[in-house]
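To keep things clear, I will list the structure first and then write my remarks on it.
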There are 4 protein chains.
Amino acid sequence: MTNATRWQRKKDVRPGEILDAALTQFVEKGFRATKLEDIARAAGVTKGTPYLYFANKEEIFKAVVRETQVANLSKLQAMSQQYDGSSRELLRAFVEQWWQQVGATPSGGLCKLIMAETANFPELAQFYFNEVILPARQMVAQVLERGIAQGEFRAVPIDTTVETLLAPLIHQLIWTHSFATVQGGRSAAENDPCRVLLDGLDLMLNGLLPRD
Amino acid sequence: MTNATRWQRKKDVRPGEILDAALTQFVEKGFRATKLEDIARAAGVTKGTPYLYFANKEEIFKAVVRETQVANLSKLQAMSQQYDGSSRELLRAFVEQWWQQVGATPSGGLCKLIMAETANFPELAQFYFNEVILPARQMVAQVLERGIAQGEFRAVPIDTTVETLLAPLIHQLIWTHSFATVQGGRSAAENDPCRVLLDGLDLMLNGLLPRD
Amino acid sequence: MTNATRWQRKKDVRPGEILDAALTQFVEKGFRATKLEDIARAAGVTKGTPYLYFANKEEIFKAVVRETQVANLSKLQAMSQQYDGSSRELLRAFVEQWWQQVGATPSGGLCKLIMAETANFPELAQFYFNEVILPARQMVAQVLERGIAQGEFRAVPIDTTVETLLAPLIHQLIWTHSFATVQGGRSAAENDPCRVLLDGLDLMLNGLLPRD
Amino acid sequence: MTNATRWQRKKDVRPGEILDAALTQFVEKGFRATKLEDIARAAGVTKGTPYLYFANKEEIFKAVVRETQVANLSKLQAMSQQYDGSSRELLRAFVEQWWQQVGATPSGGLCKLIMAETANFPELAQFYFNEVILPARQMVAQVLERGIAQGEFRAVPIDTTVETLLAPLIHQLIWTHSFATVQGGRSAAENDPCRVLLDGLDLMLNGLLPRD
DNA sequence: TATGAATGAGGGTTCATTCAT
DNA sequence: GATGAATGAACCCTCATTCAT
């Protein structure tokens, strides 16, 4: 195969390459500002090629979401089920896992993007909410309930507590992909964002300890 | 007030009316999806008029941010200085005030929008960070330090704790302007988002109590 | 107003100019092959301007049809109502009128275009059929029935006769805008197509005479 | 026939299969709206294959016309030569034959398509005119002249009469492939279009009878 | 021969921006 | 100042055509 080859035939890997490129571009510029040609060029193809695999820009976006977001959750759920340590330790493990799999990866940028674009893609927002947000909440709720049942935590309202526990994660995600990029936005402490999350978790877990 | 006077006056308030309209439109649809004509119509003028006061759409966005954000903080700062109750109560008062002044207003939507658009408007993000985020952090840091000095809180790392305390506020902002609009996104608890914030604060304040 | 004026403001006449240009272009090239920019240039504007007055290319097409086709019919109907000569003479007058108003004008080319494009625009075809074809048939049917009632014509089946009477007109339309343009397509006789139509009509009217 | 033989044979008929498929597709959708891939799929081959036999889409169209049209006429001509009944009956036989061989077949749709596309394919229109239209006219002219010579018809101008006699056929063709598909376009009478043609012919033949 | 992945010019449509009135 | 008709660059998407396999 000579260098003059205009393109390579790679039907089986193309979709993946395009989605990878799309993920990067979307995270970098947002949905509207990303041109199909940007994605194509980043994937090493020309502007028509993505349309061989995806109906339109929006479908590319959805495919990226599906590819990146749902799998992560399953891993955490599996971990939760086979865990036999304390609820406190399980929650800490959640945070560490999540940070490695999502928070510190482009996947996290996508999550931020979705929240930024809900107004333009209500359908997508709904999908993400159902497939990712709700299951994540339920997972944490179960740990919380178990901890309360076993006397490890005191009895707190589940709903609001779950949201309070998850808030720092979402906040960190947003932050990493917004103000963290400006001058001073990444504080000394945030050079290890996972550390911040674990510190925060500790703080909240203290608040969950049974009062004497 | 004569007709002539009213028109005279109109001339001076025009830019403000345009910015008000722009705020609403931007928050509702995002920067890209907002058409200049939308803004103009919402401001009661025609397509070309905004260009008499602003160089282009981007400048309108910047002006909206500058106009809207700075004022809010001063009130909270004033409250902080003249407060003589417990640090705990002051923090609770902060949250309530903030929710009323910012969180539940278009101003909050703008904050979310800025986070969504940081990549496209780094300069603007920097401005917002310097003028709003940093002062807010410092204010909370002061209360925290005071509380620790007075033995009301135990000695915790200031930086990370401040961020942990502020995270739920920003999270709530994001949420209100993203998933709150999808089916199920607004849970029963969230019908009173301020309640969620106060509950969360209580949880964290418990964690700040000195251990015996 | 200097020569340097990039464009003229002519809100009230623009739509008409665009439709005129569109008629010419559509007749010349067909719907698909006509570019919006062709229409715009022919109308002396740039490609964005037509969209100030029409939603899209298809709407321009429909507007052209409405503007050109329906009015013609009304004139013929008016003529029919106030006519008091013989049915035979009325039919001859129809043909002459129609040729002047439709057959020999760009409007006739449009009629041909519609038939050519029915597959692509069923909705438009339906519109044209309802608004133009059916009324024209009814008009001729009435004359025929009157002629039979008054003993001027013998009793023939109305439906098929109407279609046979109209066929040469439609045929002439199609012909003028198709094969008439090729070498030899315009026969000596056809240099006066209206003559052909009237001769044909005479032939058919002879067939309608009561047999003795 | 072995498998090998069948494949061998396949090679020879491929172009024909492609033209058959193209005929159907062109008639159904028109030239522009027919995608090469549609043709290929209908022919049971893939996208690139037609290009092994034809230079481009336009050449396929031309080939379709050349292949399809010429054969039809010969049969009618043969019939004309060996006919020894009345000219009137011969004309009736012509019409019936034509409707069966052309009018009611895709071949008729192609004729309509050519008329629709003359502007885009003048060369093709010329070919069709020379090879099909002119011979058909001459054939009818001969019958007419014979009928006049034998006193069966009165002396009418040949050219215009031929065109008048052929007009309903072309009209029917146009109609079948345009308005016949809309609501109401196919009238009760038209459920048997050949009937309409024969009725019309009778009408005209009455007009051709010698006046006493 | 045949395939079908890839190309890339082309065209419809949008909308920020301009400027004669 | 204000208007709003007009501009024209930009972008999404299509599909005839190519060519490595």
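Not measured: the values here are computed from a predicted model.
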Length of the line joining Arg14(C):CZ and dG4(F):P, which is rounded to integer Å: 17 Å
First encountered from the 5' end of DNA chain E, between Gly48(C) and Gly48(B): Gly48(C)
Residue-level proximity of residues 27-47 of chain B to DNA chain F when a heavy atom falls under 4.0 Å: Val45(B), Thr46(B), Lys47(B)
Tyr53(C) vs Ala55(A), nearer the 5' end of DNA chain F by closest nucleotide: Tyr53(C)
Between NZ on residue Lys35(C) and NZ on residue Lys57(C), distance to nearest 0.5 Å: 10.0 Å
Under the ring pair (Phe, Tyr, Trp, His ring centres under 6.0 Å) test, residues paired with Phe121(C) that sit two or more places apart: Phe31(C), Phe61(C)
Value in whole Å for how far the P atom of dT13(E) lies from OH of Tyr51(C): 3 Å
side-chain contact (heavy atoms from CB on, under 4.5 Å) between Glu17(C) and Thr49(C), intermediate numbers included: CA-CA 11 Å; Glu17(C) 289 174 352; Thr49(C) 303; over 6 Å; no
Separation of atom CG in Asn56(D) from atom P in dC15(F), rounded to whole Å: 17 Å
Leu19(A) vs Thr68(A) side-chain heavy atoms within contact, under 4.5 Å: no
Range-with-range stems for DNA chain F, at least three Watson-Crick or G-U pairs under 3.5 Å: E:2-21 with F:2-21
Distance in angstrom units between Glu59(C) CD and dG12(E) C1', rounded: 14 Å
Short side-chain N/O contact from Thr49(C) to OP1 or OP2 of dT7(F), under 4.0 Å: yes
Carboxylate-amine/guanidinium contact Glu131(A) Arg66(A), below 4.0 Å: no
Length of the CD1-P vector between Ile18(A) and dA5(E), whole Å: 12 Å
Distance, rounded to the nearest Å, where Phe54(A) contributes CZ and dA5(E) contributes C1': 15 Å
Spatial distance of atom OH (Tyr128(B)) from atom CG (Leu110(B)) [nearest 0.5 Å]: 7.0 Å
Length of the CD1-P vector between Ile60(C) and dG11(E), whole Å: 15 Å
Separation of atom NZ in Lys57(C) from atom C1' in dT14(F), rounded to whole Å: 13 Å
Spatial distance of atom CD (Glu37(B)) from atom CD1 (Ile39(B)) [nearest 0.5 Å]: 11.0 Å
CG on Leu124(A) to CD on Glu117(A), rounded to 0.5 Å: 9.0 Å
Interatomic spacing from CD1 in Ile114(D) to OG1 in Thr118(D) - rounded to 0.5 Å: 9.5 Å
